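Data first, discussion second: the structure below is written as structure tokens.
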Amino acid sequence: MEREKIKNAKRIVLKVGTTSLIYENGNLNFERIEKISQVLSDVFNSGKEVILVTSGAIGVGRKKMHFNTKPQSVQEKQACASVGQVVLMQIYSKMFGEYGYGIGQILLTKDVVENPRSKENVRNTFETLLQHRIIPIVNENDSVSIDEIKNISRFGDNDSLAAVVALIVEADLLIILSDIDGFYNKNPKIYKDAVLLDCVKEITEDIKKAAEGSGSDFGTGGMRTKIEAAQMVVNHGCDMILTSSENPKAILEILKGAPVGTLFVAKDK
Ligand code: ADP
């Protein structure tokens, strides 16, 4: 029943994390990026609208700048982001171009969406891009926004950024692709008897407790930020699905109402 509703989703935000785009050795996973671009182009072709929120710039830049370990200083991270963002967009542009789509880059910082005027401007940019059948690709503006003072001016992770974008564009569905196939009743990396949940109708304290820590060296958010993102969007009438990035074609199944990943059910609009 809840899954059936997904068929009607017209405007979809897709978030893909660093671990889904980059191999453990730090190189780009071209096959993954190509499949995501193909599937999103197909979704667009079917008459729906898609917005892509992509991480990966710091990871890609880190490789290009020959860092062997995670860059530690703010300056290094910002520099990696500035190098990596260009590489990332170049690849998306090439991949989406294969299917006839152009892309538009939108780099956001938290202050932009906290200011009603600039938020409205960004909303207009999204609308205009979509009207012209350009695929908006969003990332946090990490070259300028990494802030040592308790992350005040940044989103900090792209799960919350994706949720904020979903609210700005009034999306019907937010899909988060991760290194895991959905949300479990406890961390499956620690507990072998963890059970995958098909549907979460209420984000209770137990659900929050089930989301522990980050999974990998490259990822930043972990499950906690995904649950926070879910909480944000479901309260505004937007469904959220968490699933694995391993098989991007599953997105097409999701949009047909198939039980893929975990669905966090929206409260009524
Ligand atoms: P990404 O980089 O794709 O955003 P992360 O690695 O940051 O993803 O977060 C996903 C990880 O969260 C999983 O691989 C898993 O180790 C961890 N995790 C913690 N609690 C849960 C849970 N209840 N269900 C699924 N994964 C969980």
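These numbers come from a predicted model, not from an experiment. Note that ligands are numbered from 1 as they come in the structure, with each ligand's atoms numbered from 1 the same way.
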Under 4.0 Å from any heavy atom of Lys189, which atoms of ligand 1 are there?
-> 13 (C), 14 (O), 15 (C), 16 (O)

Please identify which atoms of ligand 1 are closer than 4.0 Å to at least one heavy atom of Thr19.
-> 1 (P), 2 (O), 3 (O)

Applying a 4.0 Å heavy-atom criterion (strictly less than), which segment of Pro188 is in contact with ligand 1: side chain, backbone, both, or neither?
-> side chain

Under 4.0 Å from one or more heavy atoms of Ser178, ligand 1 contributes atoms 1 (P), 3 (O), 8 (O), 10 (C)

Atoms of ligand 1 close to Asp179 [distance to a heavy atom under 4.0 angstrom, numbered from 1] = 3 (O), 6 (O), 8 (O), 10 (C), 11 (C), 13 (C), 14 (O)

Partners passing side-chain hydrogen bond (donor to acceptor under 3.5 Å, both in side chains) against Glu31 (at least two apart in sequence or in another chain) | Lys35

Who passes salt bridge (charged side-chain N to carboxylate O under 4.0 Å, His left out) against Arg3, sequence neighbours left out?
-> Asp198

Taking atom NZ of Lys119 as the centre, report whether more than 12 heavy atoms of other residues, nucleotides or ligands fall under 6.0 Å from it.
-> no

Numbering the atoms of ligand 1 from 1, which are under 4.0 Å from a heavy atom of Ala210?
-> 20 (N), 21 (C), 22 (C), 23 (N)

Decide if atom CG of Asn124 counts as having more than 12 heavy atoms of other residues, nucleotides or ligands within a radius under 6.0 Å.
-> yes

Test Arg11 against Asp172 for salt bridge (Lys or Arg N to Asp or Glu O under 4.0 Å), laying out the working first.
-> CA-CA 5 Å; Arg11 186 170 280 190; Asp172 305 302; over 6 Å; no

Shortest reach to atom 21 (C) of ligand 1 by a heavy atom, considering only Arg224, Met223, Lys226, Lys15 | Met223

Per-atom contacts of ligand 1 with Ala211, taking only distances under 4.0 Å to non-hydrogen atoms = 20 (N)

Taking only Lys NZ, Arg NE, NH1 and NH2, and the carboxylate oxygens of Asp or Glu, determine whether Lys5 and Asp239 approach each other closer than 4.0 Å.
-> yes

Does ligand 1 have any atom sitting under 4.0 Å from a heavy atom of Ser55?
-> no

Between Lys201 and Glu2, is the closest basic N to carboxylate O distance under 4.0 Å?
-> yes

